[in-house]
Amino acid sequence: MAETMNKKYPLEKIRNIGIIAHIDAGKTTTTERILFYTGKSHKIGDIDLGNTQMDWMAQERERGITITSAATTCFWKDCRINIIDTPGHVDFTAEVERSLRVLDGGVIVLDGSQGVEPQSETVYRQAQKYDVPLLFFVNKLDKVGGDFFMSVKSVDEKLTKKGVAVQIPIGFENTFEGVVDLITMKAYKFEGEGGAKVVEFEIPADLVEDAQKYRSIMVEKVAEADDKLIEKYLAGEELTNEEIKQGLRELTIKVAIYPIYCGASLSNKGVQKVLDGVVDYLPSPKDKPDIEGMKINSDEEVLLKADDNGPFVALAFKIQADPYVGRLTYFRVYSGKVSAGSYVHNSTSDKKERLGRILLMHANHREEIKEVSAGEIAAGVGLEAITGDTLCSEDNKLILDKISFAEPVIGIVVEPKTKADRDKMGQVIKRFLEEDPTLAIKTNVETGQTLLYGMGELHLDIIVDRMKREFNLEVNTGKPQVAYRETIRGKTEIVGKYIRQSGGRGQYGHVVIILEPLARGEGFKFVDKVVGGAIPREYVPAVEKGVKEAAESGIIAGYPFVDFQVTLIDGSYHEVDSSEMAFKMATIEAMREGQQKAGTFLLEPIMRVEVIVPEDFMGDVIGDISSKRGKIESTEQRGNARIIEAKVPLAEMFGYATELRGMTQGRGSFTMEPSHYEEVPGSIAEGLAKNNIRR
């Protein structure tokens with residue numbers, strides 16, 4: 001294996017892929033099989049036994065879920081495949097977001113008994129955002145309720161019409177034994193230790209008709225790849241297997257088709273064929289469009305090709321604290337190459353940094369290498385870069401698009417158990433904030449309490465657990481709190497003045513701003529429309545800084561102020577007394593007045609909830625959701641269960657897992673993810689304002 005790791009692969013033989021899915025669809029199990037079949041491991045890891053290679057954290061092995069994305073490299077059919085196994089739980093969606101930003105392709109794993117689930121939709125939307133070509137793998141077809149055709153239909157109805165089956169299963173549930181390849185029109189079984197031996201045989205007679213039907217659907221879609229193929233197809237001529245494969249590859253890379261595979265990872269069926277699909281249809285770095293960069297301090301756009309000989313440009317996408325080598329910065333190289341021990345320029349922070357060592361990662365194991373080139377993913381030691389920073393050469397300073405993350409929606413009070421731990425807690429939380437961009441921290445000025453915000457109760461629970469295990473830091477935690485927001489209804493113009501005179505040099509700042517609302521989720525925009533030198537250019541950044549500072553806490557209950565635009569239209573200055581501080585303070589005063597005049601109100605996070613319950617309990621569950629201010633969006637049958645989709649305020653969902661178990665005799669389950677923010681009803685808003693709950 002060492003020889004293969006050190007072998008230089010041409011760009012067209014590299015695949016950077018992510019394994020993504022809803023929780024419990026079988027991502028990690030599938031990845032463990034991939035490692036076994038490619039010779040990366042000699043024993044298949046089992047989640048239930050807690051011995052998987054990719055879920056290496058203690059918390060992952062105890063809970064049987066993936067928490068942090070793990071990277072590894074393996075080899076199949078003379079191709080190098082860099083894989084990132086991502087979490088499925090919605091609380092860790094940032095791991096999926098940042099992985100997809102730097103990957104060239106992905107495999108979405110579906111539970112064959114459930115089809116498309118809520119988090120399947122989320123990861124699909126994330127992949128769409130970055131134009132990531134995908135394969136679908138319908139897993140768990142050996143499970144009760146496993147239904148390939150239902151799953152394909154759910155892709156068609158819930159996600160996209162671009163899905164096309166390239167296989168069909170042989171057998172159903174406990175009789176599932178192999179797959180029919182619709183391109184070769186051959187059947188395949190998986191025998192021997194771990195299903196490693198792929199046995200080809202003729203399609204069973206009872207499946208020939210189905211195979212021909214689904215092959216014709218596939219061929220019709222593939223013919224759209226180019227004019228020659230469509231002409232041949234319309235003329236009634238058969239497309240060759242090579243033409244079908246070439247058409248599938250072209251359309252998959254263009255994100256015009258998503259090939260759909262089938263199998264059962266736990267019983268070792270079908271995974272090798274998915275690996276074939278990764279090599280045959282997902283893009284190499286060369287197949288991806290040139291990446292766009294911007295020259296620093298300029299609007300000039302630069303297109304970067306995946307080329308070892310180009311200028312070095314990379315994106316840092318993940319920070320990890322490693323107990324043995326310290327802080328690791330994962331980065332994807334888009335152009336050029338870099339050697340261990342060399343200096344790189346961090347364009348985002350405009351600092352020079354030294355890349356001490358370069359490591360190839362296999363989960364939490366590492367192998368030191370001397371150089372990393374275009375199209376490759378590695379981890380660097382010695383860098384200070386954070387998630388989303390651009391790294392480049394000193395003589396070619398470019399900046400790539402940063403990675404955007406969802407806002408945290410839930411917070412807890414964290415307090416160190418001893419005074420000695422107070423300073424230590426600050427350092428530990430700082431490390432977690434560097435690792436995880438969906439964490440946020442705020443100190444309540446009035447009470448001195450520290451509030452830690454995250455994406456959900458499990459997210460925060462894991463962080464508190466890691467504090468204890470990894471840093472020997474024990475903290476007391478308070479009741480979870482909702483991350484409310486404040487915003488405005490109307491538009492208003494305000495004058496802000498800050499004039500102080502106390503002998504000697506005074507302070508003079510004067511601004512005229514327009515404060516107006518933006519659409520929900522748009523955040524904050526600052527527009528400078530000052531003309532004629534009413535305010536010198538050097539003071540405009542101070543005005544923007546004042547706006548941001550004022551927005552940190554609104555006037556109702558101290559929650560962040562969001563979804564607004566400030567336009568600076570006028571003002572005045574004093575040649576001697578004006579300063580940046582004076583203009584910042586004048587802006588803060590204007591913002592406070594503007595919030596009152598424009599009518600401030602509270603927003604609360606609304607969650608997208610999917611509840612799966614037996615038919616008998618459906619009425620009780622719907623009634624309970626309605627009592628929680630929830631809005632039922634849809635109900636549908638899935639197997640023997642009823643699926644209820646609803647939008648419910650987060651404030652009403654604390655402790656719901658226990659409630660649901662009680663209502664359904666332990667047979668109900670649910671998933672929840674952030675959807676959007678909505679206005680808090682009057683009576684609840686009054687209570688929050690009265691208590692003046694500070695963020």
Establish, from distance only, whether the side-chain atoms of [X] and [Y] form a donor-acceptor pair under 3.5 Å.
X    : Y    : result
R15  : N82  : no
S265 : T29  : no
K140 : S113 : no

Distance under 6.0 Å and angle within 45° of the ring axis: does K273 meet both against Y188?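 Positive - K273 is close enough to the ring of Y188 and near enough to its axis.
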Could you check whether R332 makes a cation-pi contact with Y334, meaning its NZ or CZ is under 6.0 Å from the centre of the six-membered ring and within 45° of the ring axis?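 Relative to the ring axis of Y334, which defines the angle, R332 lies inside both limits.
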Considering only NZ, NE, NH1 and NH2 on the basic side and carboxylate oxygens on the acidic side, decide whether [X] and [Y] come within less than 4.0 Å.
X    : Y    : result
D111 : K143 : yes
E202 : K186 : yes
K318 : E435 : no
D156 : K161 : yes

Decide yes or no for L100 and I20: does some side-chain heavy atom of the first lie under 4.5 Å from some side-chain heavy atom of the second?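 Yes, at least one pair of side-chain atoms sits under 4.5 Å.
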Show me, pair by pair, the donor-acceptor contacts under 3.5 angstrom made by side chains of residues 166-179, not counting sequence neighbours?
{"residue": "Q167", "atom": "OE1", "partner": "C262", "partner atom": "N", "Å": "2.9"}
{"residue": "E173", "atom": "OE2", "partner": "G145", "partner atom": "N", "Å": "2.5"}
{"residue": "T175", "atom": "OG1", "partner": "F172", "partner atom": "N", "Å": "2.8"}
{"residue": "T175", "atom": "OG1", "partner": "F172", "partner atom": "O", "Å": "2.7"}
{"residue": "E177", "atom": "OE1", "partner": "K189", "partner atom": "NZ", "Å": "3.4"}

Derivation of the side-chain hydrogen bond (donor to acceptor under 3.5 Å, both in side chains) call for Q246 and E250: CA-CA 6 Å; Q246 187 56 37; E250 286 177 23; 3.3 Å; yes
